[in-house]
Amino acid sequence: MVRSNADELPVCLFIATGGTIAMRVDPLTASPKPALSGSDLIAAVPEIAEFAQLEVSNLFNVPSVEMGPSRWVALHHEIEAALARPEIQGVLVSHGTDTLEETAWFLDLTLTCRHKPVVLVGAQRNASEPDFDGPRNLRSGARVCVAPQSSGKGVMVVLNEQIDAAREVSKTHTTNVDSFGSADAGALGCVDGAQVIFNRSPGRRQYLALEGEEGSLPRVDIVPMYAGADAALLKAAVQSGAKGVVIQALGAGNVNAQLYAAIVESIDAGISVVIASRVPRGRVSALYGFTGGGKTLEVAGAVFANDLSPQKARILLMLALQVARSPSQLQAIFDNR
């Protein structure tokens, strides 16, 4: 139903950060590049004005490969300021899909306001394509942003009419519009026409205060384990100043003997090591007792990432290292105790 008085509509801040949703094909290169502002994006979806008022902030216009800690912190502060305003019901963020899940997780961990929704949207196809999915995702995201039942759901990702929680969501396909999903956890709900339907609430939200100022987060790198891997990448990460390392291990959390020896050396040198898995579903655990198996890594002082992906484990470790260093303290944070 269309409201006749726009002043009665709920107000959300719309923050544009770039990504494919803000791209058009450049005729000189015949490839998509950043081109659209937040106002341009909203102008393409005039029906949003029937149910919401959107204030626009053009914070960045970059592909999401350029998102990282310094821009996460800037976005965090922009959202914090908006959510502190009583008239703002929530925040809508447009973002590139390649690192969207990481930004969503960082925000869900660090935002102090825990009841107003923050919704991230993106697009798999750019604005020059005839089946551009950006307007549909913006419309759906705006509906979630103003829905009363979104209160307390935290940071959410909305694409292709599906609503996913920040902790659980991941990109599962390089180009398909039906790309984002939450594996074993399942979606929070969906947008069905004008209706926002939630089937559940996120169950394992955490909060870690953002200490210090922009650029002060400790360096944490991801080191992959693969057949025939040696210790070169781990040693390079430590030499480059990493305070923590996430090992993208095999299976339930296993590495070979060569990488295991370098992990032990790193832990002994005061580097925090977290074990995640390259397998997209399931938890890591201290299961196997061979050299480099999960049990030996636990004995050496490694921390296990539960069911977090390596990229999300990295973000949690960056924030956790602000307040904790011992394996037991870090393990409690990763276990959400």
*How far apart are the C-alpha atoms of H76 and T110, what are their side-chain angles, what is the distance that settles it, and do they pass the side-chain hydrogen bond (donor to acceptor under 3.5 Å, both in side chains) test?*
CA-CA 8 Å; H76 163 96; T110 60; 3.0 Å; yes
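- Look at R125 and D131 and you find a salt bridge, because one of the NZ, NE, NH1 or NH2 atoms lies within 4.0 Å of a carboxylate O, short of that distance.
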*Audit row: L250, Y226, side chain to side chain contact (heavy atoms under 4.5 Å, CB included) steps and yes/no*: CA-CA 7 Å; L250 305 179; Y226 48 87; 5.5 Å; no
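- In this structure, L92 CG and L138 CG are separated by 6.0 Å, a value rounded to the nearest 0.5 Å.
- Q124 places a side-chain N or O within 3.5 Å of a backbone atom of N176 that can act as its donor or acceptor partner.
- Defined by atom type and a distance below 3.5 Å, a donor-acceptor pair is missing between the side-chain atoms of Q331 and S328.
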*Could you please spell out the steps behind the side chain to side chain contact (heavy atoms under 4.5 Å, CB included) verdict for F106 and L75?*
CA-CA 10 Å; F106 178 86; L75 180 58; over 6 Å; no
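- Side-chain contact between V118 and L120 is present, with heavy atoms from C-beta onward closer than 4.5 Å.
- Between the side chain of Q195 and the backbone N or O of D192 there is no donor-acceptor pair closer than 3.5 Å.
- Tested against E161, the residues R136, R139, R143 include a single salt bridge (charged side-chain N to carboxylate O under 4.0 Å, His left out) partner, R136.
- Side-chain atoms of R325 never come within 3.5 Å of backbone atoms of Q322 as a donor-acceptor pair (strictly under, hydrogens ignored).
- N126 contributes a side-chain N or O that, together with a main-chain N or O of S128, makes up a donor-acceptor pair within less than 3.5 Å.
- Judged by distance alone, the side chain of T99 and the main-chain N or O of S64 form a donor-acceptor pair under 3.5 Å.
- Taking 4.5 Å as the limit, some side-chain heavy atom of K171 sits within range of a side-chain heavy atom of D98.
- One hydrophobic cluster, built from ILVMFWY side chains closer than 4.5 Å, holds both V62 and L100.
- The shortest side-chain heavy-atom distance between L208 and L316 falls under the 4.5 Å cut-off.
- At least one donor-acceptor pair closer than 3.5 Å links the side chain of T296 to the backbone N or O of G293.
- Between D26 and R24, none of the side-chain N atoms (NZ, or NE/NH1/NH2) sits under 4.0 Å from a carboxylate O, so this pair counts as no salt bridge.
- Within 6.0 Å of NZ on K243 lie no more than 12 heavy atoms contributed by other residues, nucleotides or ligands.
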*In sequence, state the C-alpha distance, the side-chain angles, and the governing distance for K312 and N306, and then conclude on side chain to side chain contact (heavy atoms under 4.5 Å, CB included).*
CA-CA 11 Å; K312 289 187 179 177; N306 205 298; over 6 Å; no
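- Using a 4.5 Å cut-off between side-chain heavy atoms of Ile, Leu, Val, Met, Phe, Trp and Tyr, with links allowed through other members, L109 and V93 fall into the same hydrophobic cluster.
- Taking CD of E101 as the start and OG of S309 as the end, the distance is 6.0 Å to the nearest 0.5 Å.
- Listed for the D230 side chain is a donor-acceptor partner under 3.5 Å among the backbone atoms of A232.
- Taking 4.5 Å as the limit, some side-chain heavy atom of L111 sits within range of a side-chain heavy atom of E80.
- The shortest side-chain heavy-atom distance between P34 and P63 falls under the 4.5 Å cut-off.
- For the pair S326 (side chain) and Q329 (backbone), a donor-acceptor distance under 3.5 Å is present.
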_Is there a side chain to side chain contact (heavy atoms under 4.5 Å, CB included) between L319 and L210? Walk through the geometry before answering._
CA-CA 7 Å; L319 293 166; L210 186 59; 3.9 Å; yes
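- Considering all non-hydrogen atoms of both residues, A302 and I275 come closest at CB-CG1, 3.8 Å.
- Inter-residue side-chain proximity for V91 and V119 is flagged as unmet; no heavy-atom pair is nearer than 4.5 Å.
- For R85 and E55, the salt-bridge test passes: some basic side-chain N is under 4.0 Å from an acidic carboxylate O.
- Between the OG1 atom in T103 and the CE atom in M67 there is a gap of 4.0 Å [rounded to 0.5 Å].
- Paired with D108 under the rule side chain to side chain donor-acceptor pair (under 3.5 Å), one option of R205, R167, Q206 passes, and it is R205.
- A salt bridge is absent between E102 and R71: the closest approach of a Lys/Arg side-chain nitrogen to an acidic carboxylate oxygen does not fall below 4.0 angstrom.
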*Would S39 and S37 count as a side-chain hydrogen bond (donor to acceptor under 3.5 Å, both in side chains) if you check the C-alpha gap in whole Å, the side-chain angles of each, and the deciding distance to 0.1 Å?*
CA-CA 5 Å; S39 297; S37 69; 4.5 Å; no
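- Counting heavy atoms from C-beta on, the side chains of V169 and W105 never come closer than 4.5 Å.
- The distance from the CD1 atom of I222 to the CG atom of L234 is 13.0 Å, given to the nearest 0.5 Å.
- No cation-pi contact links R283 to F304, judged by a cut-off of 6.0 Å to the six-membered ring centre and 45° from its axis.
- The shortest side-chain heavy-atom distance between I271 and V245 falls under the 4.5 Å cut-off.
- For the atom pair CG (L54) and CD1 (I15), the distance works out to 11.5 Å, reported to the nearest 0.5 Å.
- Hydrophobic clustering of Ile, Leu, Val, Met, Phe, Trp and Tyr side chains at less than 4.5 Å, counting indirect connections, keeps V246 apart from Y260.
- One hydrophobic cluster, built from ILVMFWY side chains closer than 4.5 Å, cannot hold both Y288 and V274; they sit in different ones.
- Remark: side-chain polar atoms of T17 are paired, donor with acceptor, to backbone N or O of S94 under 3.5 angstrom.
- A distance-only check finds a donor-acceptor pair linking the side chain of S179 to the backbone of H173 [under 3.5 Å].
- Once rounded to the nearest 0.5 Å, the distance linking CG of D133 with CD1 of I21 reads 7.5 Å.
- Both tests hold for K153 against F198: distance to the six-membered ring centre under 6.0 Å, angle to the ring axis within 45°.
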*Test side-chain hydrogen bond (donor to acceptor under 3.5 Å, both in side chains) applied to E78 and S57, step by step*: CA-CA 9 Å; E78 182 92 351; S57 170; 2.6 Å; yes
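- Hydrophobic clustering, with ILVMFWY side chains joined whenever heavy atoms are under 4.5 angstrom apart, groups V45 together with V56.
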